[in-house]
Amino acid sequence: MKVTLKDGSVIEANAGATVLEIAGNLSQALKKDALAAKVDGKVVSLDEAIEKDCTLEILTFEDEEGKHALRHTASHVLAQAVKRLFPSAKLAIGPAIENGFYYDFDIETPFTAEDLKTLEKEMAKIIQENLPVTRTELSRADAKKLMAEKGEDYKVQLIEELPEGETISFYTQGDFTDLCAGPHVSSTGRVKNIKLLRSAGAYWKGNEKNKMLQRIYGTAFYKKDALLEYLENLREAEKRDHNKLGRELKYFTTAPEVGQGLPLLMPKGAKVIQIMQRFVEDEEEARGYQFTKTPLMAKSDLYKISGHWDHYQDGMFILGDEEKGEEVMALRPMTCPFQYMIYKATHHSYRDLPVRLSETSTLFRNEASGEMHGLIRVRQFTLSDAHIIAVPDQVEDEFKGVLDLIVYMMKATGIENDVTYRFSKWDPANTEKYINDPEGWAFSENLMKKILDDIGLDYYEAKGEAAFYGPKLDVQFKNVFGKEDTLFTIQIDFGLAERFDMYYVDANGDKQRPFIIHRASLGCYERTLAVLIEKYAGAMPLWLAPEQVRFLPITDRAIETCKKWETIFKKVGVRATVDTRSEKIGYKIRDGRTERLPYMLVVGDKEIEDGNFAVWKRGEGDLGPKDAEGVLKDILQEIEDLTIF
RNA sequence: GCCAACGUGGCUCAGGGGUAGAGCAGCUGAUUCGUAAUCAGCAGGUCGUGGGUUCAAUUCCCACCGUUGGCUCCA
């Protein structure tokens with residue numbers, strides 16, 4: 001039998017030889033690090049017997065699939081440890097995930113932090129035992145019988161749900177057997193470096209109507225150094241956590257009396273948001289948007305038309321009790337219906353379209369109490385919102401124009417390489433959540449797909465992530481904990497024009513339904529601020545820095561000169577202050593560094609004499625004395641360079 | 001909303017059944033200083049809130065509120 005290797009070379013092997021045996025002929029190093037293999041493109045365990053000619057690729061921890069196999073086995077080791085220490089626990093599922101693995105258990109009492117330590121020790125034992133991991137296949141009936149005998153109700157359910165004809169396989173290590181498609185590494189001894197990270201509740205099948213299971217998250221690495229480095233990186237990343245740093249640097253705070261999800265933006269945070277807002281509004285105006293200012297609340301009637309009353313009521317703050325005969329109002333969770341009323345207030349010819357209505361819009365959403373997170377998930381936020389009402393022919397160009405605007409905003413804030421694009425589609429099975437109009441969905445999703453492919457955007461598709469009225473292109477960002485959130489979004493809405501009876505008059509004098517694009521250009525400012533704090537570890541780009549320049553007088557004699565320059569800097573739009581405290585220069589520098597100031601300009605007797613500043617620049621340190629006028633010019637130039645492309 | 005952990009002065013934390021401590025920040029005074037913390041003094045907390053157990057609770061128990069991570073949801 002001929003086995004073709006990754007490098008194209010062909011080796012002879014006996015039919016029925018296992019991958020490991022074949023690999024053994026290759027090189028000791030590769031054999032030692034081998035975790036799994038790819039045979040004809042299919043990932044398999046190393047004990048897989050090969051019967052006929054094939055291509056073979058050995059997978060190590062360097063390969064995604066190898067990493068996956070190791071971590072998947074680690075999750076089985078965890079499950080085995082749980083079954084040993086908590087025999088009554090029932091197994092649900094335990095996959096490898098991006099940076100590790102988890103396993104869900106149904107257990108009477110949730111795991112404590114202590115339990116995790118004990119489990120980790122038990123896992124170490126199982127690893128020490130170096131149990132071979134073996135695969136067996138069973139018929140559907142036998143598989144069900146086996147799991148039912150063991151009382152593994154969840155596994156029985158999983159088997160029942162497997163499609164007809166699917167191979168049903170089990171993996172066994174010592175006294176532990178689990179339903180699993182595999183592949184796995186060859187023995188528990190291969191899983192060397194594990195760490196359990198946390199326990200958490202998780203609903204069976206991710207549905208909150210189902211029972212809550214106990215999930216344990218962990219990670220595993222092939223090399224110990226890599227594990228330690230990963231854990232260290234986690235700690236480092238968390239130092240950039242906007243929720244900690246943003247408070248320390250006085251961007252925002254919260255107060256229990258004000259409420260959950262209602263952050264208070266302090267002067268520095270408010271300043272950054274103001275800068276972004278001005279930037280966005282100026283840019284949008286230049287790109288043909290018109291601005292509106294609409295009410296923060298409306299009668300329930302409006303939301304009944306829009307569909308929010310049916311699809312989004314849980315997410316709204318509702319005022320007034322209908323049963324008491326009061327008028328029922330709701331704080332707005334979205335801007336759309338308000339801007340639609342503006343559109344409807346005028347008759348529109350096809351010649352008027354597209355109409356681009358923008359609004360810096362404060363919205364209210366009643367998030368579940370466990371959901372709030374710093375500035376990223378809040379109950380009140382301000383969105384750089386807009387709706388483009390267009391004739392069908394214009395949708396493509398408008399969509400591309402919006403994407404161009406968003407990319408422009410990302411370049412200005414420097415985050416264009418930190419995002420991923422998600423094409424969010426509906427889930428036909430979930431008629432509760434979505435407008436049930438399969439034709440409309442098909443049309444708008446195809447249209448969006450065509451546009452995305454046309455642009456050549458690198459995106460992935462996600463079912464069940466659409467808005468209730470149409471598909472979305474979401475620009476996703478991961479925070480320091482690896483949690484992903486939507487930063488910007490472009491949505492094609494095929495449903496609401498009909499509901500609101502919005503129309504334009506076409507060339508034949510007939511009424512036609514327009515398409516509507518919903519979009520956010522720089523997202524919601526609170527969230528964007530959070531992202532910037534994490535991205536830059538609090539050191540805002542110069543043009544966004546709430547304080548750009550601080551003058552540091554060395555003695556009181558220099559205060560007057562500093563104040564004079566402060567006025568000059570401010571006059572040309574540079575945000576400058578003077579540190580007039582009677583402290584040593586080292587103390588003031590230290591303070592400025594902690595606050596991540598972009599520039600500190602030190603002024604002493606020498607500088608006054610020579611008309612200089614001793615320049616301290618963030619990231620570069622002490623640059624020595626420079627001509628005062630020249631410094632101002634350079635700073636102004638730098639600010640301009642950052643925002644003009 | 002659900003699961004877990006946590007809640008001590010503005011911040012970071014120590015302590016622990018007998019009614020609280022440090023550093024930083026703040027204030028006052030002195031110092032006028034050359035690139036990551038000048039010195040001294042002062043002030044600041046009914047230990048998240050409310051119940052319960054106890055002779056006694058900040059410490060133990062319960063509930064609520066809040067914070068953090070996860071689930072569901074989502075800009």
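Here the structure is a predicted model, which is why all the values come from computation and not from measurement. Letters go in sequence order (proteins before strands), and every chain restarts at 1.
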[N] versus [M] - spacing of their [atom1] atoms, nearest Å:
N: B:U31; M: B:U38; atom1: C1'; answer: 7 Å
N: B:G66; M: B:C47; atom1: C1'; answer: 15 Å
N: B:A63; M: B:G1; atom1: P; answer: 15 Å
N: B:A25; M: B:C39; atom1: P; answer: 11 Å
N: B:C62; M: B:A5; atom1: P; answer: 11 Å
N: B:G50; M: B:C65; atom1: C1'; answer: 10 Å
N: B:G34; M: B:A22; atom1: P; answer: 32 Å
N: B:C13; M: B:G41; atom1: P; answer: 27 Å

Assess the residue pair A:N99 and A:T219 against the criterion (side chain to side chain donor-acceptor pair (under 3.5 Å)); give the C-alpha distance rounded to whole Å, side-chain angles, the decisive distance to 0.1 Å, and a yes or no. CA-CA 6 Å; A:N99 289 311; A:T219 192; over 6 Å; no

Distance in Å, A:I533 CD1 paired with A:L249 CG, rounded so as to fall on 0.5 Å steps: 7.5 Å

What parts of residues 401-420 of chain A reach RNA chain B, counting only heavy atoms under 4.0 Å away? none

Can you check the [X] [atom1] to [N] [atom2] distance for me, whole Å?
X: A:N479; N: B:A75; atom1: CG; atom2: C1'; value: 14 Å
X: A:H373; N: B:G69; atom1: NE2; atom2: C1'; value: 9 Å
X: A:L197; N: B:G69; atom1: CG; atom2: P; value: 15 Å
X: A:M334; N: B:C73; atom1: CE; atom2: C1'; value: 12 Å
X: A:R247; N: B:G66; atom1: CZ; atom2: C1'; value: 10 Å
X: A:R379; N: B:G1; atom1: CZ; atom2: C1'; value: 11 Å
X: A:Y203; N: B:A4; atom1: OH; atom2: P; value: 12 Å
X: A:E98; N: B:G70; atom1: CD; atom2: P; value: 13 Å

Classify [X] by what it touches in the nucleic acid, base, sugar-phosphate, or nothing, heavy-atom distance under 4.0 Å.
X: A:D485; value: base
X: A:G464; value: nothing
X: A:Y102; value: nothing
X: A:A368; value: base
X: A:A202; value: sugar-phosphate
X: A:R198; value: sugar-phosphate
X: A:K205; value: nothing

Aromatic rings A:F569 and A:F551: how do their planes relate, parallel, tilted or perpendicular, breaks at 30° and 60°? perpendicular

Is the A:W441 ring parallel, tilted or perpendicular to the A:W426 ring (thresholds 30°, 60°)? parallel

With sequence neighbours excluded, tell me which residues meet side-chain contact (heavy atoms from CB on, under 4.5 Å) with A:E547. A:R550, A:T577, A:E595, A:L597

By nearest nucleotide on RNA chain B, pick out whichever of A:M372 and A:E367 is the more 5' one. A:M372

Assign each of A:L213 and A:G259 to its nearest nucleotide of RNA chain B by heavy atoms, then name whichever residue's nucleotide is nearer the 5' end. A:L213

Carboxylate-amine/guanidinium contact [X] [Y], below 4.0 Å:
X: A:E607; Y: A:K626; answer: no
X: A:D485; Y: A:K478; answer: no
X: A:R332; Y: A:E359; answer: yes
X: A:E465; Y: A:K472; answer: no

Is it true that a side-chain atom of A:R527 and a backbone atom of A:I376 form a donor plus acceptor pair closer than 3.5 Å? yes

Under a 3.5 Å distance rule, please check whether A:K205 uses its side chain to pair with a backbone N or O of A:N210 as donor and acceptor. no

Can you give one letter per nucleotide of nucleotides 27-35 of chain B, 5' to 3': B if a protein heavy atom sits under 4.0 Å from the base, S if only from the sugar-phosphate, - if neither? ----BBBBB

With the six-membered base ring of B:A75 as reference, does the ring of A:F488 sit under 5.5 Å away with planes under 30° apart? no

For B:G66, does either OP1 or OP2 sit under 4.0 Å from a side-chain N or O belonging to A:Q260? yes

Going by the rule side-chain hydrogen bond (donor to acceptor under 3.5 Å, both in side chains), which residues pair with A:D493 if we only count those two or more places apart in sequence or in a different chain? A:Y340, A:H518

Look through every strand shown and name the nucleotide pairing with [N] as Watson-Crick or G-U wobble, where both distances are under 3.5 Å.
N: B:G45; result: none
N: B:A25; result: none
N: B:U58; result: none
N: B:U67; result: B:A5
N: B:U32; result: none

How close do A:S199 and A:L116 get, counting heavy atoms only, and between which atoms? N-CD1, 3.8 Å

When you measure from the side chain of A:Y587, which nucleotide among B:C73, B:A25, B:G66 comes out closest? B:A25

Is it the case that the base of B:C71 and the side chain of A:R215 share a donor-acceptor contact (distance under 3.5 Å, atom types as modelled)? no

Please tabulate, one pair per line, each protein N/O and nucleotide N/O from nucleotides 9-11 of chain B that are separated by under 3.5 Å, including the distance.
none

Using the test salt bridge (charged side-chain N to carboxylate O under 4.0 Å, His left out), find all partners of A:D418 that sit at least two apart in sequence or belong to another chain. A:K535

Would you tell me whether A:Y154 and A:D106 have side-chain atoms, one donor and one acceptor, within less than 3.5 Å of each other? yes

